[in-house]
Amino acid sequence: MKKLLTFIIVLFFSSFTILAQSRKIELTDLLKIKTVSQPQFSPDGKKYIYLLKSIVEDPDKKGEFAYQNHLYLGDLASKESRALTSGKLSVSSASWSPDGQYISFVRLSGDKPQLFILPLNGGEAYPITSIPYGVSAPEWSKDGSSIFFSSELSVKEFLVDTLYNKRSWIPSWTLEKPGYDWSSFQKKSIKANPDGNIEEIRAYLFQNEKDKKAKVINQLDFQEESTTTGELSVPAFFKTSVLGNTKPELLANPFRRIDEMKELTTGKSFVVCMPADTLRHPDKVLDNTIAIYDAVANTFQTLVEKPGYRYSNISVSPNGKYLAFFELKVGGIPSPVAKIIALNPGAYYQKIIPLDRIITQWSWSKDETTLYFSAQDHGGVPLFEYDIAQGKLKSLSSSDEGVLGFDQKDGQFIYAKTKITNPSELYFSSKSNPRDNALTEFNTVWLKDKVISLASKKTFKNSKGLVVDYWVMKPSNFQSNTKYPLLLEIHGGPTAMWGTGEASMWHEYQYFAAKGYGVVYSNPRGSGGYGTEFMGANVKDWGQGPMSDVMQALDLCISEGWADTSKLAVTGGSYAGYLVSYMLGHTNRFKAACSQRGVYELSTFFGEGNAWRLVPNYFGGYPWEKQARTILDKESPLTYVQNIRTPLIIFHGEQDLRTGVIQSEMLYKSLKVMGRDVEYVRHPGATHEITRAGNNRQRLDQMLRTYEFFERYLR
């Protein structure tokens with residue numbers, strides 16, 4: 001009997017252990033996460049739409065996983081929703097018609113995204129455009145008869161476009177191709193002949209460019225996210241009839257380089273953002289103005305202008321009474337100020353929204369008395385309400401969570417939200433009942449049996465007197481009498497922000513906690529979500545100051561007593577890849593480290609990465625200027641590479657031009673020459689966005705490879 005009882009007890013605990021293990025977050029749970037975005041009320045407020053991003057097995061490529069984004073329609077009364085689209089072709093930019101009878105969206109048709117209309121009274125969605133430049137950012141006209149949209153035009157292609165450039169418009173700025181002007185691209189057809197006269201030779205060379213045999217670069221900004229380009233493009237704005245029975249109408253000369261356009265009066269006037277100087281090359285004019293564009297008279301009237309400043313995210317109130325926008329000083333730290341002005345003729349009104357934070361989305365009340373918006377704040381993205389007349393600001397939700405998209409109507413709110421217990425669901429609330437009411441359970445279902453490690457938020461005051469937030473997550477199987485390895489996670493940017501209201505790291509944190517690691521992360525000086533002073537606290541100090549903040553967070557976590565100080569690891573990507581390698585040149589406390597898609601030599605980064613303007617903005621100059629070069633050398637991790645003795649795994653996407661792949665090659669070669677423990681992983685075809693929106697096998701590979709590398713040294 002005693003043996004039987006012992007057997008039952010052992011069996012019970014063995015079963016419990018297996019069950020507990022199966023309930024932990026696993027690597028492939030990444031593929032189960034569904035993300036809700038772009039919720040929108042119907043005009044009558046009774047229904048809603050949203051987009052849902054899923055990861056599915058790719059039917060065309062064995063072992064691969066594809067993203068799919070589809071449109072859903074929900075009913076507030078029943079709290080139920082259903083998919084309106086399906087299949088391999090994803091949907092974006094969905095929107096209700098003003099009368100609520102149709103939904104528009106963008107989807108691929110051929111090799112370009114086109115505009116589709118879906119009638120809600122029955123029938124399939126059908127395309128209403130087939131424009132060769134493609135469609136993006138569509139918006140319904142106020143009267144519902146038309147839809148405005150933008151396209152990105154290749155300048156060289158538009159110069160010879162006989163359909164939309166009948167007036168033979170040419171740019172007002174110089175070509176910047178020595179010895180050429182724009183008319184060179186509008187000459188009549190000349191026979192291409194490499195052995196002919198100079199005009200025929202030029203025609204032959206132009207043909208090589210067209211056939212992608214050569215890239216000829218004359219502009220300053222030639223690096224995209226994954227490739228270089230010799231093509232200059234400009235945005236253009238079109239209007240198309242909802243009936244789709246006519247070709248889209250070009251609203252303005254695209255060479256005026258309008259960045260944003262919002263309808264003011266039905267089809268006649270628009271509020272636009274455009275360069276302060278249209279005579280200079282686009283790469284060399286960063287400041288712009290806000291103007292009123294009269295589409296009938298084809299005239300522009302400047303509304304807001306301030307030399308050295310840039311305007312963006314313009315939003316016109318429902319009846320055209322107010323305009324909201326961001327104002328940002330060109331150069332320096334990206335900290336825009338949100339403003340509201342009156343649009344009524346003769347009226348003067350200007351207010352600065354009293355919140356020193358980066359606003360992520362905004363929405364006007366129907367009566368134009370209130371502006372609602374979401375903004376980064378202390379590791380979360382709460383909703384705010386701004387009373388325009390009284391100038392009063394009120395927070396409507398917690399900074400412990402993140403509103404990742406919302407809409408409001410008559411005191412009701414619908415929003416996609418991320419929480420520490422769930423990466424994404426759709427919720428509903430109202431002013432009379434502000435409690436979250438879940439409208440979806442896409443992640444709730446598969447998470448219900450999972451063990452989630454909850455993050456505990458803490459603060460400290462750093463050497464500059466700034467209050468720094470940090471979060472501690474204990475291992476999923478935490479027991480008070482056991483010591484655990486501890487992973488220090490660092491965010492990029494450097495103006496990014498992490499916290500329980502930020503969704504991008506949800507799975508990685510939970511995965512390492514499930515593997516028995518404690519996780520600590522923070523928002524060191526330079527992070528977003530804490531205001532301009534905090535964001536600018538790392539100017540000319542990318543290394544030592546932020547390092548002291550993240551290390552203090554680490555030490556405070558260690559002081560809780562459960563971390564094994566002989567098993568410390570650190571990881572981070574982009575700017576955090578920089579900071580990881582800088583730290584390794586200044587401390588040997590870590591047993592293993594991972595640096596992802598980082599910057600390691602700042603002077604080289606100026607030439608290699610498309611984010612090169614970070615160099616003058618943060619360090620006060622360029623590599624050829626003596627004072628700036630001194631700072632760049634001092635702040636570059638490669639300067640201290642001989643001090644790095646911590647085993648390091650380095651990741652970089654082969655098509656990453658935001659930071660530039662040569663950065664990682666320099667760090668790897670340096671450590672390899674010195675005989676240090678280093679491993680270098682390149683992901684073919686991957687860009688800087690690999691861990692957030694890249695190939696899903698590569699996302700899994702990078703996380704698993706990081707874990708495996710740490711285990712070599714920590715176990």
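- The aromatic rings of Phe325 and Tyr311 stand perpendicular to each other, their planes meeting at an angle above 60°, with 30° marking the opposite boundary.
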Item checked: Steps toward side chain to side chain contact (heavy atoms under 4.5 Å, CB included) verdict (Tyr50, Ile414) -> CA-CA 10 Å; Tyr50 60 92; Ile414 187 170; 5.8 Å; no
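- Distance check: Lys474 NZ to Ser453 OG gives 9.5 Å after rounding to the nearest 0.5 Å.
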Notebook entry, point to check: Hey, mind stepping through Val468 and Gln552 against side chain to side chain contact (heavy atoms under 4.5 Å, CB included) and telling me if it holds?
Noted result: CA-CA 10 Å; Val468 175; Gln552 189 168 349; over 6 Å; no
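- Between the side chain of Ser574 and the main chain of Ala576, no donor-acceptor pair closer than 3.5 Å is present.
- Crowding of Glu533 atom CD: a count of heavy atoms from other residues, nucleotides or ligands under 6.0 Å not exceeding 12.
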Next item on the list: Begin from the C-alpha positions of Ile388 and Thr369 and carry the test side chain to side chain contact (heavy atoms under 4.5 Å, CB included) through to its verdict.
Entry: CA-CA 6 Å; Ile388 297 171; Thr369 64; 6.0 Å; no
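- In this structure, the side chain to side chain donor-acceptor pair (under 3.5 Å) partners of Asn462, at least two apart in sequence or on a different chain, are Asp549.
- Between Pro475 and Trp562, the closest side-chain pair of non-hydrogen atoms falls below 4.5 Å.
- Heavy atoms from other residues, nucleotides or ligands lying under 6.0 Å from NZ of Lys567 number more than 12.
- Put simply, the side chain of Glu327 never gets that close to the backbone of Val337: no donor and acceptor are under 3.5 Å apart.
- Ring centroids of Tyr48 and Phe428 are separated by 6.0 Å or more, keeping the two rings apart.
- Below 30°, between 30° and 60°, or above 60°: for Phe709 and Tyr713 the angle between ring planes is between 30° and 60°, a tilted geometry.
- Rounded to the nearest 0.5 Å, atoms CD1 (Ile25) and CD1 (Ile452) are 4.0 Å apart.
- Distance check: Arg658 CZ to Asn610 CG gives 7.0 Å after rounding to the nearest 0.5 Å.
- A ring-ring contact (aromatic ring centres under 6.0 Å, His included) with Tyr575 holds for exactly one of Trp542, Tyr582, Phe605; it is Trp542.
- Cation-pi contact between Arg715 and Tyr517: present, with separation from the ring centre below 6.0 Å and deviation from the ring axis of at most 45°.
- Among residue pairs with one or both ends in residues 425-442, those qualifying as side chain to side chain donor-acceptor pair (under 3.5 Å) are Tyr372-Lys431, Glu385-Lys431, Tyr415-Ser429, Tyr415-Asp436, Lys417-Asp436, Lys419-Asp436, Asn422-Glu425, Glu425-Thr440, Glu425-Thr444, Ser430-Ser432, Arg435-Asn437; sequence neighbours excluded.
- Nearest heavy atoms, Asp387 versus Ala389: OD1-N, 3.2 Å.
- Using a 4.5 Å heavy-atom cutoff, the side chains of Glu508 and Thr706 are not in contact.
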Margin query: Between Ile358 and Met535, does the side chain to side chain contact (heavy atoms under 4.5 Å, CB included) criterion hold? Intermediate values first, please.
Written below: CA-CA 11 Å; Ile358 295 175; Met535 198 183 298; 3.7 Å; yes
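- Residues Tyr484 and Phe478 bring their aromatic ring centres within 6.0 Å.
- A salt bridge is absent between Lys464 and Asp541: the closest approach of a Lys/Arg side-chain nitrogen to an acidic carboxylate oxygen does not fall below 4.0 angstrom.
- Panel note: side chain Ser595, backbone Ile650; no donor-acceptor pair is recorded below 3.5 Å.
- The ring-ring contact (aromatic ring centres under 6.0 Å, His included) test with Tyr521 singles out one residue from Tyr470, Tyr509, Trp506, and that residue is Tyr509.
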